[in-house]
Amino acid sequence: NLIGRCFEMPYVSYCHTLPPIIMKENLIKLFDRFGINTENNKILSDFLNRINGNNELLKKQYELFLMDLILGLNIIKEKDENSFKRYVKSLNSTKGNENFWGERFEVYMHSKLLKINSNIIKNLKRGIDGLEPDLLFNFNETLLGIELTTLKFVKPPQTPEIILSKITDKILEKNSNPYAKENCALIIDITNIIAYGKLLNISLNDLFRNSFVGFDYLEKEIGFGVIILCNSVFKTKSDNSLFHSLIPRIGLCHEKKQMNIDLQHFLEITFNHFEQDDDYEQAFYHKNI
């Protein structure tokens, strides 16, 4: 199991000092500058409206979710105009449907990789859809890739078997692509599943430990260098500031193949060497954000 913490985004302290109505107006203006129509996107509209709620802690998390997307888009706009235009077009076309979350996850990861020191990774770009992973870059003169995807239930899963089946099906789907190779990592956002798991008192780690016999064939079939299942959480620090964190929970590799050393080194750097994160109960979990 890979349990660590990755890509922290601190809560912008000035946000919660603004009245909710002003905060909402400012966020809408920022999205509008990027060409994102919040009125036609039911997910963004919903979170913008939630800023007016009574729960101050939840309001901060909704604000951070929206600011995180805005800051991510801004980073991409400054460094990769073509990818920025693609993300804006894709986010607008989702209109708040389920595929919104996949686009949002790609923006999040792409922008964080763009912030990494250029001495560590070079030539970061989006891959050709269907032929290459979502993100490609050079690390230690080796071409590496990251394929990103999200798993979501429209309705709460009723049994652990349904959860395991959904994870397995997604891995097999991605494993059939030409970029499922040893120099590529598949990172799956299971934020939705972790949140439902907590609601239903289902531990994903326990599921894997108790049911791993059913994953034996996956260990033989995995083409990717590694598959990481991770989830987003919001946490508060001792000074009461809020930050957004991406936590890797489960790691899968081929049973007989050694992970590409450059891919392993890159992931260790990116995920802070998989530092132990035991404050599971101190984090705030949502079905989506």
Side-chain angles (χ1 to χ4, degrees), residues 7 9 11-12 14-16 18-55 57-112 114 126 129 134-135 148-156 170 187-196 230-234 242 244 246 284-289:
F7 296 145
M9 174 68 76
Y11 179 63
V12 184
Y14 69 82
C15 287
H16 65 273
L18 295 172
I21 294 177
I22 302 299
M23 183 64 205
K24 179 180 176 181
E25 291 177 351
N26 286 350
L27 288 170
I28 290 174
K29 288 178 182 178
L30 288 171
F31 279 117
D32 187 57
R33 285 182 192 172
F34 289 145
I36 293 178
N37 190 328
T38 54
E39 290 185 4
N40 289 344
N41 190 306
K42 61 183 180 181
I43 292 175
L44 290 178
S45 294
D46 180 41
F47 281 107
L48 285 163
N49 290 331
R50 292 186 191 191
I51 293 175
N52 296 324
N54 296 321
N55 187 314
L57 185 55
L58 283 176
K59 284 162 59 176
K60 289 181 182 180
Q61 292 172 59
Y62 300 144
E63 290 168 9
L64 178 53
F65 163 74
L66 294 165
M67 283 299 301
D68 199 12
L69 179 56
I70 288 170
L71 291 172
L73 286 168
N74 191 58
I75 290 169
I76 296 171
K77 187 177 188 299
E78 290 178 349
K79 299 189 176 184
D80 187 346
E81 182 74 20
N82 288 335
S83 291
F84 167 77
K85 291 178 180 178
R86 179 207 172 276
Y87 287 126
V88 169
K89 181 179 179 180
S90 298
L91 287 167
N92 279 331
S93 65
T94 67
K95 296 184 178 179
N97 294 319
E98 290 300 308
N99 52 340
F100 168 88
W101 298 106
E103 293 298 326
R104 180 261 179 182
F105 187 45
E106 290 186 24
V107 169
Y108 180 81
M109 292 294 293
H110 194 167
S111 64
K112 301 304 174 285
L114 283 170
R126 284 198 57 86
D129 290 342
D134 292 315
L135 298 171
L148 302 166
T149 191
T150 59
L151 283 181
K152 291 182 66 61
F153 284 99
V154 177
K155 296 180 180 179
K170 178 57 70 174
I187 302 181
I188 306 176
D189 178 6
I190 56 168
T191 299
N192 176 266
I193 291 176
I194 290 289
Y196 275 131
C230 58
N231 68 287
S232 291
V233 297
F234 293 92
L242 187 70
H244 175 203
L246 185 66
F284 304 98
Y285 293 79
H286 299 266
K287 289 183 292 184
N288 295 315
I289 58 177

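We count residues from 1, following the sequence as given.
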| field | Distance-minimising heavy-atom pair for Asn231 and Asp189 | value | CA-OD1, 4.2 Å

| task | Take Leu66 and Leu44, measure what side chain to side chain contact (heavy atoms under 4.5 Å, CB included) needs, and give me the verdict at the end. | result | CA-CA 8 Å; Leu66 294 165; Leu44 290 178; 3.8 Å; yes

| query | Do Asn49 and Lys24 have side-chain atoms, one donor and one acceptor, less than 3.5 Å apart? | reply | yes

| note | So CH2 of Trp101 and OG1 of Thr150: to nearest 0.5 Å the spacing works out to 9.5 Å

| Value rounded to 0.5 Å, distance of CD1 in Ile51 from OH in Tyr62 | 10.5 Å

| message | Between Asn97 and Asn99 (side chain of the first, backbone of the second, donor and acceptor by atom type, cut-off under 3.5 Å), is there such a pair? | response | no

| Once you round to the nearest 0.5 Å, how far does CD1 of Ile70 lie from CZ of Arg33? | 10.0 Å

| message | Any heavy-atom pair between the side chains of Leu246 and Val233 that's under 4.5 Å? | response | no

| Partners passing ring pair (Phe, Tyr, Trp, His ring centres under 6.0 Å) against Phe84 (at least two apart in sequence or in another chain) | Phe34

| request: For a side-chain contact (heavy atoms from CB on, under 4.5 Å) with Ser111, tell me which candidate from Leu71, Ile76, Asp68 qualifies. | output: Ile76

| query | How long is the gap from CD on Glu63 to CG on Leu48, to the nearest 0.5 Å? | reply | 10.0 Å

| field | Results of side chain to side chain donor-acceptor pair (under 3.5 Å) for Asp134 - residues two or more places apart only | value | none

| request: State whether the side chain of Thr149 and the backbone N or O of Ile188 hold a donor-acceptor pair below 3.5 Å, judged by distance alone. | output: no

| said: Using modelled atom types and a 3.5 Å cut-off, is there a donor and acceptor pairing between side-chain atoms of Asn92 and backbone atoms of Gly35? | reply: yes

| query | Does the Thr191 side chain pair with the main chain of Ser232, one donor and one acceptor, at a distance under 3.5 Å? | reply | yes

| message | Minimum heavy-atom separation for Gly72 and Val107, please, with both atom names. | response | C-CG1, 4.0 Å

| request: Check step by step if side-chain hydrogen bond (donor to acceptor under 3.5 Å, both in side chains) holds for Tyr87 and Arg126. | output: CA-CA 11 Å; Tyr87 287 126; Arg126 284 198 57 86; 2.8 Å; yes

| query | About how many Å separate CG of Leu30 and OG1 of Thr38, when rounded to the nearest 0.5 Å? | reply | 11.0 Å

| task | Decide yes or no for Asn37 and Phe31: does some side-chain heavy atom of the first lie under 4.5 Å from some side-chain heavy atom of the second? | result | no

| Test side chain to side chain donor-acceptor pair (under 3.5 Å) applied to Lys170 - qualifying residues, sequence neighbours left out | Glu173

| Does Tyr108 have Lys112 sitting over its ring (NZ/CZ under 6.0 Å from centre, angle to axis within 45°)? | yes

| task | Flag the pair Arg50 and Asp46 as a salt bridge only when some basic side-chain nitrogen lies within less than 4.0 angstrom of an acidic carboxylate oxygen. | result | yes

| Side-chain touch Cys230/Ile187, heavy atoms, less than 4.5 angstrom | yes

| said: What I'd like to find out is whether the side chain of His110 reaches to under 4.5 Å of the side chain of Asp80, using heavy atoms alone. | reply: yes

| said: Using a 3.5 Å distance criterion without hydrogens, assess whether the side chain of Lys79 forms a donor-acceptor pair with backbone atoms of Leu114. | reply: yes

| said: With rounding to the nearest 0.5 angstrom, report the NZ to CD1 distance, Lys95 to Ile43. | reply: 13.5 Å

| field | Shortest non-hydrogen contact from Phe65 toward Phe47 | value | CE2-CD1, 3.6 Å

| message | I'd like to know if Glu103 pairs up with Arg86 as an ion pair, taking the criterion as any Lys NZ or Arg NE/NH1/NH2 lying under 4.0 Å from an Asp or Glu carboxylate oxygen. | response | yes

